[in-house]
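Per chain, numbering begins at 1; letters A, B, ... match sequence-line order. Because the structure is predicted, anything quoted here is derived from the model rather than measured.
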Amino acid sequence: MTRGIDMTQDAVGVYEPAYPLNLDATLSCGQLFRWKKGENTWQGIADGRFITIRQKENRLFFSGCSEAFLVSYLHLDSDYDAMVSGFCCDSHISDAVCRTGGLRIVRQDPWECLISYLCAQNANIPFITRMIENICQTAGEPILAPDKTVGYAFPTPTALSLLTLEEKRGCTLGYRAPYIHKTTAAIAADPEWANRIREMPFEEARRSLMTYPGIGPKVADCVLLFGFQKYESFPVDVWIRMIMHRLYGIGNPAVSLTPAEYERIRRFAQEHFGPYAGYAQEFLFAVRESYTDGKF
DNA sequence: GTATACCCTGACTA
DNA sequence: ATAGTCAGGGTAT
C-alpha cells in the first residue's frame, strides 16, 4: 500500500518464511481440494480470491492475497521445530517427519472445510474435488482470475442453503445431498456456530459437530483439525489405521472399523503423540505409500 | 453396546 | 461391452 501496490489483488508479493515449509507437500497431501499445480506455481481459490503461490528455495512468491493471509493460511506463524519435536517420540514418526519435512496443516475456513469433508465420506480425492467444484459452480460467486479465466468462490452458507435438494443432487453429491442440505440449513440459520465451536474444549466441540446430519467421528475430527486448528484431533481413516497397526500394533485392520476400534486408535495416538497428534497424523498419512506393499 | 444393511459414485474386474 | 464387485463414512435398525 505504501508504494501504491495493492497487495490484496494481483500484485506479486515475496515472503521468506521464518520456519520450514514444503509447499508441494502441504498443498498436495489431501487436506485441500481446490489447489492445482501449473508449471511451478500453485493456483487455488481461498477466502473468495484467486491466489497463486510459488516456492523457490526459501522464498514464496504469491499473488491474490495479503502477506498476513498467506502466513496465517499456511500456518507459518508457529515454530515448526518446537511443534514437531513435541511428538517425535519414536523412530517411526521421526522417520515420517524427516521424509516430509515442512508439511503444514493449512488453516481452512471452517464452513468450507465442514462441507468439503461431508463430501469426502466414501469418496476419493478426484471425486471429492469434482463435488466441490460442482457446488462452487452452482452456488458460488464467479471470480475473474488475472488471466481472465473464470472460477467460482466457495458459496456462503446462505447461498448454499438456497439450492434445492435436487440441485444439490445435481452436484453429484449422491446420498450426501440430504446431509449437506440439512447441515447447511442449520448453519445458515446460526451464524455463530463456528465461534461457539472454536471456544469449546476438544471433546465438547467434537460432540457438537457430530450433532449435524452426516457428521460422524471421522468428518468431525477432520473439521476440528483443518478448520478449527484443534491439533490434538487425530482422524482415523483406513490408511491411518493400517499404519498405526503396522507401527504400533494398535487396532486390527482385518475387521471393519467399528466405533470402538476408532476410539481405541485415536485415544492411543492422542496419548502417544500429545497436543499435536493431528500433525503427526498428517506426516504418517504423507508416507502411507511406504506401507502399501504386503498386507499389514 | 454391537453388528449389519444401505446410501451413491467411480474404478476396477470378470 | 456390460454386468458385477468393491471401496469408503455415517446412519437406521
My understanding is that only residues two or more places apart in sequence, or in another chain, count here; which of them pass side chain to side chain contact (heavy atoms under 4.5 Å, CB included) with A/His272? A/Cys89, A/Asp90, A/Tyr248, A/Phe268
In whole angstrom, give the distance that lies between atom CE of A/Met210 and atom C1' of C/dG9. 12 Å
Could you tell me the separation between the CZ atom of A/Arg206 and the P atom of C/dG9, rounded to a whole number of Å? 14 Å
Using side chain to side chain contact (heavy atoms under 4.5 Å, CB included) as the criterion, list what pairs up with A/Pro157, not counting sequence neighbours. A/Trp111, A/Ile187, A/Ala188
Could you check how far CZ of A/Arg169 sits from C1' of B/dT9, rounded to whole Å? 13 Å
Over how many whole Å does the gap from A/Met131 atom CE to B/dC7 atom P extend? 18 Å
Quick note, salt bridge (Lys or Arg N to Asp or Glu O under 4.0 Å) partners involving residues 247-264 of chain A, not counting sequence neighbours, are A/Arg241-A/Glu261, A/Glu261-A/Arg264, A/Glu263-A/Arg266, A/Glu263-A/Arg267
Rounded off to whole Å, could you give me the CD1-to-C1' distance for the A/Ile215 and C/dG9 pair? 12 Å
Checking A/Arg54 now: which residues fulfil salt bridge (charged side-chain N to carboxylate O under 4.0 Å, His left out) with it, not counting sequence neighbours? none
Which residue lies more 5' along DNA chain B, comparing A/Asn124 with A/Tyr179 via nearest heavy atoms: A/Tyr179
N/O donor-acceptor pairs under 3.5 Å from side chains in residues 13-21 of chain A, not counting sequence neighbours:
none

The salt bridge (charged side-chain N to carboxylate O under 4.0 Å, His left out) partners of A/Lys37 (sequence neighbours excluded) come to A/Asp24
Which part of the nucleic acid, if any, lies within reach of A/Pro217 when heavy atoms closer than 4.0 Å are counted: base, sugar-phosphate only, or nothing? sugar-phosphate
Using a 4.5 Å cut-off between side-chain heavy atoms of Ile, Leu, Val, Met, Phe, Trp and Tyr, which other residues end up in the same hydrophobic cluster as A/Val150? A/Leu144, A/Tyr152
Could you tell me how far apart A/His181 (NE2) and B/dC8 (C1') are, to the nearest whole angstrom? 18 Å
Does A/Ala123 have any side chain to side chain contact (heavy atoms under 4.5 Å, CB included) partners at least two apart in sequence or in another chain, and if so, which? A/Phe127, A/Ile128, A/Met131, A/Arg176
Distance, rounded to the nearest Å, where A/Ile180 contributes CD1 and C/dG10 contributes C1': 13 Å
Let me check the geometry of the helix from B/dA3-C/dT13 to B/dA14-C/dT2. What is the bend angle between the axes at its two ends, five pairs each, to 10°? 50°
NA contact type, A/Leu173, heavy-atom cut-off 4.0 Å: base, sugar-phosphate, or nothing? nothing
Taking CD from A/Glu166 and P from B/dC8, how many angstroms apart are they, rounded to a whole number? 11 Å
What pair of heavy atoms forms the shortest contact from A/Ala269 to A/Ala277, and how long is it? O-CB, 3.9 Å
Taking the six-membered ring for Trp, are A/Tyr231 and A/Phe273 ring centroids under 6.0 Å apart? no
Distances for protein N/O vs nucleotides 2-8 of chain C N/O pairs under 3.5 angstrom?
from	atom 1	to	atom 2	distance (Å)
C/dG8	N9	A/Asn122	OD1	2.6
C/dG8	N2	A/Asn122	O	2.8
C/dG8	N3	A/Asn122	O	3.1
C/dG8	N3	A/Asn122	OD1	3.1
C/dG8	N3	A/Asn122	ND2	3.3

Tabulated below should be each protein N or O lying under 3.5 Å from an N or O of nucleotides 2-5 of chain B; please produce it.
none

Contacts of type side chain to side chain contact (heavy atoms under 4.5 Å, CB included), residue A/Pro178, not counting sequence neighbours: A/Leu165, A/Arg169
